Amino acid sequence: MSRTIIVSNRLPTKVQRTTEGLAFQPSEGGLATGLGSIYRADDNVWVGWPGLFVDDPSEQQQVTERLQADSMAPVFLTENEIHDYYEGFSNGTLWPTFHYFSEYALYEQTHWEAYVATNKKFCRAVLELAGPDDTIWVHDYQLLLLPEMIRRERPKATIGFFLHIPFPSYEIIRVLPWGARLLEGMLGADLIGFHTFSYQRHFISAVSHMLGYPNQSGQIDTPNRPVLIDAFPMGIDYQHYAETAQSEIVAQHILAYREALREGRIILSIDRLDYTKGIAQRLRAFEALLERYPAWRGQVSLLMVVVPSRDQVAQYQHLKEEIDELVGRLNAQYSTITWTPIHYFYRSFPFEELVALYRLADIALVTPVRDGMNLVAKEYVACRTDERGVLILSERAGAAQELSDALLINPTDTNHVAEALNEALLMPEEEQASRMGHLRALVQQYDVFAWTKLFMDRLAYSKIKQHIYATD
Ligand code: GDG
């Protein structure tokens with residue numbers, strides 16, 4: 001029987017060293033949930049880095065055995081590999097480039113070489129497990145070269161690739177010294193999936209300009225095989241959010257928060273610390289709201305959760321300083337004895353508390369300057385089983401393609417965002433219910449399980465199509 005192998009940079013379980021020995025912490029992330037029914041079934045497996053440096057062979061053995069019991073196979077990366085392949089090329093070159101921040105991108109040959117070598121290491125780990133007819137689903141920008149590397153060794157395998165971040169315009173990709181190599185790497189797959197039709201279109205255009213391969217109707221004809229290119233907007237585990245939002249524990253958290261915040265209206269924002277998320281722009285828009293509409297002073301607060309991320313990188317440290325400075329200035333300027341304009345948390349919240357915040361917020365303010373999808377927007381909607389609340393969403397998040405009943409804004413247009421905030425604060429309950437009802441139906445229907453099924457079905461279809469192509 002053929003098996004399915006999922007491959008991503010990180011495993012859905014994080015291994016940590018504690019005083020009591022190794023701790024195995026399963027991830028609550030959307031991808032882990034969505035793919036759970038696949039990698040845990042039959043003889044399937046998920047390949048990736050367990051998030052910890054393990055040099056000692058006997059400890060490696062211990063980690064391997066423990067993860068194997070839960071259908072996972074670890075790839076052990078060294079500190080140098082993490083430095084050059086992950087922090088260097090993946091997060092220092094590809095992440096800024098693919099989010100239209102080319103001015104932040106590093107072009108280091110050593111990082112590139114580590115990226116190639118580490119993709120090869122993942123390839124060896126997959127080949128140890130994969131038979132000739134297996135299905136392999138590779139995830140995200142850290143592993144762009146992997147589909148082609150596997151293809152060379154397993155020509156008949158069924159290989160899918162999904163990119164979780166935007167795919168930018170050809171004009172951005174052509175700046176990358178290794179752009180053509182990366183495209184060839186991805187084209188080792190039978191099916192390449194993106195969150196939106198625009199990313200799909202950008203990819204096809206880049207391949208056409210840089211490699212000269214023809215395309216028609218979502219299919220690229222490489223010299224060896226046709227490759228299907230399609231959009232699969234990722235969803236969330238709707239049921240889990242909707243049920244948690246109505247649970248007793250969440251009701252208790254809401255009560256406690258309400259007491260502390262009294263009658264005030266709440267605008268909520270939640271992101272990882274990242275320059276793509278438009279956090280500073282959001283603060284300026286909130287300031288513009290207080291300037292343009294002084295009546296909201298004392299009435300509305302911004303509750304801003306920023307989850308620490310990549311804090312070893314200079315740009316992230318600068319961004320953190322900029323946010324600290326802006327929050328400090330705004331709070332110093334506008335606070336009264338009874339009102340704090342911005343409640344700022346630089347840490348993550350446990351899941352139930354996060355859901356309580358979604359449930360409490362009059363407005364979710366999601367303002368990335370670029371974002372592959374943005375799951376926070378969908379999670380807010382899923383939690384609003386009470387059909388209250390307004391989603392303000394950047395038109396440059398992938399989610400905006402689906403969530404058209406949100407108030408869509410341009411995050412760099414401060415006045416536009418301030419006006420949307422005012423409109424949301426004044427929105428009648430019937431309009432909130434009508435918009436939220438439409439949004440919720442959509443997030444419920446296209447959940448993460450539907451996403452997984454659509455991708456896997458299309459991947460199976462890509463093989464049938466190739467067969468017809470070969471016998472034509
Ligand atoms: C990448 C792409 C794409 C956040 N704070 C807390 C917390 N979170 C959880 C949220 C959400 C997740 O983190 C963030 O997901 P996003 O989609 O917003 O962003 P990225 O991490 O950048 O993800 C993105 C995604 O991949 C999937 O393809 O949508 O565009 O960049 O699930 O809930 N969770 C908890 N406490 C927090 O304080 N428990």
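Counting convention: from 1, in listed order, for ligands and their atoms alike. Treat the numbers as computed from the prediction; the structure is a model and nothing was measured. Excluded from the calculations below are hydrogen atoms, water molecules and symmetry mates; all remaining heavy atoms, backbone and side chain alike, are included.
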Taking NZ, NE, NH1 and NH2 as the nitrogens, is one of them in D70 or R40 under 4.0 Å from a carboxylate oxygen of the other?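 Result for this pair is yes, salt bridge flagged.
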Can you pull out every side chain to side chain donor-acceptor pair (under 3.5 Å) where at least one residue sits in residues 175-186? Sequence neighbours excluded, please.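 Non-adjacent pairs meeting side chain to side chain donor-acceptor pair (under 3.5 Å): E184-Y213.
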Does a donor on one side chain and an acceptor on the other come within less than 3.5 Å for Y141 and N91?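 On atom types as modelled, these side chains qualify, holding a pair under 3.5 Å.
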Under 6.0 Å from the ring centre and within 45 degrees of the ring axis: does the NZ or CZ of R458 meet both conditions for the six-membered ring of F232?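 No, R458 does not lie over the aromatic ring of F232.
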Option among R370, K320, R310 that satisfies the salt bridge (Lys or Arg N to Asp or Glu O under 4.0 Å) test with D274: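 The passing option is R310.
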Parallel, tilted or perpendicular: rings of W451 and H139 (30°, 60°):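 Answer is tilted, since the angle falls between 30° and 60°.
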Tell me which residues fall inside the under-4.0 Å heavy-atom shell around ligand 1.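 Only W95, H164, H195, M234, I270, R272, K277, V307, S348, F349, F351, L354, Y358, D371, G372, M373, N374, L375, V376, E379 have heavy atoms that fall under 4.0 Å of ligand 1, ordered by chain and number.
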